[in-house]
Protein chains: 2
Amino acid sequence: MKPKIEDVAEIAGVSPTTVSRVLNDRGYISQKTKDKVYAAMKEINYVPNDLARSLYNKKSNLIGIIVPSTDHPFFGELVMHLENICNQKGYKVLLCNSLHDSQKEQQYWDMLQRNQVDGVIVVTYNRGLFDQAQNLCAVAVDHYLSDYIPVVSSDNFKGGKLATETLLAAGCRKVIHINGDEAIETPANKRQYAYEEAMKEAGLDHETYHVPDIAFLEHNINVIKALFKDHPDVDGIFASDDILAIHTLQYAKSLGYKIPEDLKIIGYDGTKLIRSIYPELTTIVQPVEEIAGQVLKILFEEIEQGKSGVKELAVPVSLWKGSTAGSN
Amino acid sequence: MKPKIEDVAEIAGVSPTTVSRVLNDRGYISQKTKDKVYAAMKEINYVPNDLARSLYNKKSNLIGIIVPSTDHPFFGELVMHLENICNQKGYKVLLCNSLHDSQKEQQYWDMLQRNQVDGVIVVTYNRGLFDQAQNLCAVAVDHYLSDYIPVVSSDNFKGGKLATETLLAAGCRKVIHINGDEAIETPANKRQYAYEEAMKEAGLDHETYHVPDIAFLEHNINVIKALFKDHPDVDGIFASDDILAIHTLQYAKSLGYKIPEDLKIIGYDGTKLIRSIYPELTTIVQPVEEIAGQVLKILFEEIEQGKSGVKELAVPVSLWKGSTAGSN
DNA sequence: CTGAAAGCGCTTACAG
DNA sequence: CTGAAAGCGCTTACAG
């Protein structure tokens, strides 16, 4: 059986209370006692049981993260940074891949509550699901979940503006936008509003196509096909996700479009991975590490000092100058 | 305060024992009692505390996963599948990104033990670190950690053979291999052995370059530069990772090589993401979902029935026919 | 500086 | 079919 505090105490010839004190460096203990206790712990290879600790302390130091799926570069990178920061702060991460299944999201949410997580980071849909849970500390990324849950996003409006203006400055006149599911109101919709505003300001028409479950690779192609069928004369496309932008680019090439001569394309996300293997893709870069940092700053404030004042936070974006939107 | 079993019991007018029985559907309870208990649970919004349960049961249903970083497509996809299967089986995942830091790996390993995980999946280096821990259930992916820890991999030897033979069949005579850190003995080294064997069988010389910490994007370029400086006449490259293959391809193009005419390139991993956004890259496909399934099959066997007999398992690979290795 | 006792929220023999 | 008691491994007032 695993050794417990009592076993250490027996070997060291002290009480369990004293062992616990040594373990937590709490109160005054003579150096001699400390040494005895450490020696005993080493002798029987003692490992403290965090479950018991958490139970007593009513603090698990557990953070739940719900993302659609870590196989998408943006979420993979975001999760890495979130977990990394949690680890530095002494928190542990329970990972949940919802796979866009709202039933799974509900189950995960319940599971996290049963496991007494101190906080949850939600990067997923399902507004309403979370209204019940005003008591739990939570922060969302790019999704409105309830009025009580702060939202951190890249500056979607500026990003959308920057993307559209980059295409217009490169000479595009017929710019079409592809975004995610329009049924859900998310901060990412601001990319669309910004695109529409920029087009109007230029005195041009706008039109947006929508991909359901944008993080699912398979759903892109049908929307892309429809776009080119409806608008063979398109000369600029702003895709709200780099994978989508790359799929669009591939399909356009297969139809014979020259990029960027006939058609200019700009994406969104600009993860380290995509910039590294697809540097030619012009895109709006979300500062993933900074987003992770802001999310956790807010979450830890909630956890440690009660509700933070933040409702919604937009982190600045930047332009990655590839070659798919011309060379400006 | 959060309601506990005692609160439910009081409202339902029964004992905590009975509430626990209803919760666990254990023993005989009258339907009437069940109804009362369920009603009480709903009334006060009771959520069971899994920490307390786990403490008593000496089973946490927690699985620790240690990967280099989820921002690499292979690990992002692997983690997604691992977590997904765990979830189906009623297990929860504690995620650890070691970031190739052996000190962090050690800390994570300790943390997972303190949290009473039922098992650990290790996709990381540091042989020796784990020798102490013969008691903990663990399975490794593509790494030898200790004689007691089973290893699941793609069939690295066949993969290496297939890659090399594909290049040779396409007419390459001077094929160079790029692999990971040679200081560490991993199953992935078999890709190199297979490459060497295939070259010998063809009566050709072989040479392998090594990238330290292969999953770190930044480390690739220096090795690639050295390779082209040493061997401008290279006509085939087998890179042991798709990202590395793409970087090689980019650099070769920048030097003026035509792919696949002057130089043929083949990668390894073939994640869903890379096949989707870089379908032209010829590569050896690791069946990530199947690897995840085998890993967990072995791990759950260890957990539920003591040690499984498996020591090492190789999962079949396949060839993704892009265009970077010719059109065979 | 150190220890005995109670309790974190749950479950499970043991009685009845 | 149901309950009182003990215990999972830890920690923290409260005494001394």
Side-chain angles (χ1 to χ4, degrees), chain A residues 1-38 40-41 44-62 92 110-118 135, chain B residues 1-38 40-41 44-62 92 110-118 135:
Chain A
M1 278 292 79
K2 283 178 191 163
K4 43 188 184 176
I5 244 179
E6 206 183 303
D7 303 318
V8 177
E10 198 170 338
I11 292 180
V14 296
S15 73
T17 310
T18 300
V19 176
S20 172
R21 278 209 197 82
V22 173
L23 226 40
N24 295 291
D25 202 22
R26 204 167 183 285
Y28 298 89
I29 323 121
S30 69
Q31 191 57 46
K32 203 174 155 191
T33 306
K34 276 190 190 177
D35 293 343
K36 276 193 300 183
V37 171
Y38 283 128
M41 293 198 307
I44 58 174
N45 224 303
Y46 171 74
V47 177
N49 184 329
D50 272 3
L51 257 34
R53 266 197 228 231
S54 298
L55 179 60
Y56 185 90
N57 294 327
K58 291 163 169 295
K59 179 134 198 314
S60 65
N61 278 47
L62 240 28
K92 302 154 282 189
D110 296 344
M111 179 276 275
L112 293 174
Q113 291 209 83
R114 286 198 307 275
N115 283 275
Q116 314 302 115
V117 293
D118 293 332
N135 41 334
Chain B
M1 280 290 80
K2 283 179 191 162
K4 43 188 183 175
I5 243 180
E6 205 184 304
D7 303 318
V8 177
E10 198 170 339
I11 292 180
V14 297
S15 74
T17 310
T18 299
V19 176
S20 173
R21 279 211 196 80
V22 173
L23 225 38
N24 295 291
D25 202 22
R26 202 168 184 284
Y28 298 89
I29 323 121
S30 70
Q31 190 57 47
K32 204 172 154 192
T33 307
K34 276 192 189 174
D35 293 344
K36 274 193 301 183
V37 170
Y38 283 128
M41 293 198 309
I44 58 173
N45 224 301
Y46 171 74
V47 177
N49 184 330
D50 272 3
L51 257 34
R53 267 197 227 230
S54 299
L55 179 60
Y56 185 90
N57 293 328
K58 289 163 169 299
K59 177 133 199 312
S60 64
N61 277 49
L62 240 27
K92 303 155 281 188
D110 296 344
M111 179 276 277
L112 294 174
Q113 292 209 84
R114 285 198 308 273
N115 282 276
Q116 314 302 116
V117 293
D118 294 332
N135 41 335

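So that the names make sense, note that chain A is the first sequence line, chain B the second, and so on, each numbered from 1. No hydrogens, no waters, no symmetry mates; every other heavy atom, side chains included, goes into these values.
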Next item on the list: Anything under 4.0 Å to a heavy atom of chain B counts; send over the first and last such nucleotide of DNA chain D, read 5' to 3'.
Entry: D:dC1 to D:dG9

Note to self: Just to be sure I understand the rule, does B:Asp50 reach a base, reach only the sugar-phosphate, or reach nothing, if contact means heavy atoms closer than 4.0 Å?
What the structure shows: nothing

Next item on the list: Could you list the residues that satisfy salt bridge (Lys or Arg N to Asp or Glu O under 4.0 Å) with B:Arg26, not counting sequence neighbours?
Entry: none

Next item on the list: Identify whether any heavy atom of B:Thr33 sits under 4.0 Å from a base atom; if not, whether one sits that close to sugar-phosphate; answer base, sugar-phosphate or nothing.
Entry: sugar-phosphate

Next item on the list: Would you classify A:Arg26 as touching base, sugar-phosphate or nothing, given that sugar-phosphate means primed atoms plus P, OP1 and OP2, and contacts are heavy atoms under 4.0 Å?
Entry: sugar-phosphate

Notebook entry, point to check: Residues in side-chain contact (heavy atoms from CB on, under 4.5 Å) with A:Arg21, at least two apart?
Noted result: A:Thr17, A:Thr18, A:Ile29

Next item on the list: Determine which bases of DNA chain C form Watson-Crick or G-U wobble pairs with both distances under 3.5 Å, and write the result as a 5' to 3' dot-bracket string with | for other-strand partners.
Entry: |||.||||||||.|||

Notebook entry, point to check: Heavy atom of residues 6-18 of chain A under 4.0 Å from DNA chain D: which residues?
Noted result: A:Thr17

Check: Should the pair A:Lys32-A:Asp35 be classified as a salt bridge under the 4.0 Å nitrogen-to-oxygen rule?
Finding: no

Margin query: Taking any heavy-atom pair under 4.0 Å as a contact, classify B:Ser20: base, sugar-phosphate, or nothing.
Written below: base

Margin query: Name the residue from A:Val8, A:Val47, A:Ile5 that meets the side-chain contact (heavy atoms from CB on, under 4.5 Å) definition with A:Met41.
Written below: A:Val8

Check: Does A:Asp7 have any side chain to side chain donor-acceptor pair (under 3.5 Å) partners at least two apart in sequence or in another chain, and if so, which?
Finding: none

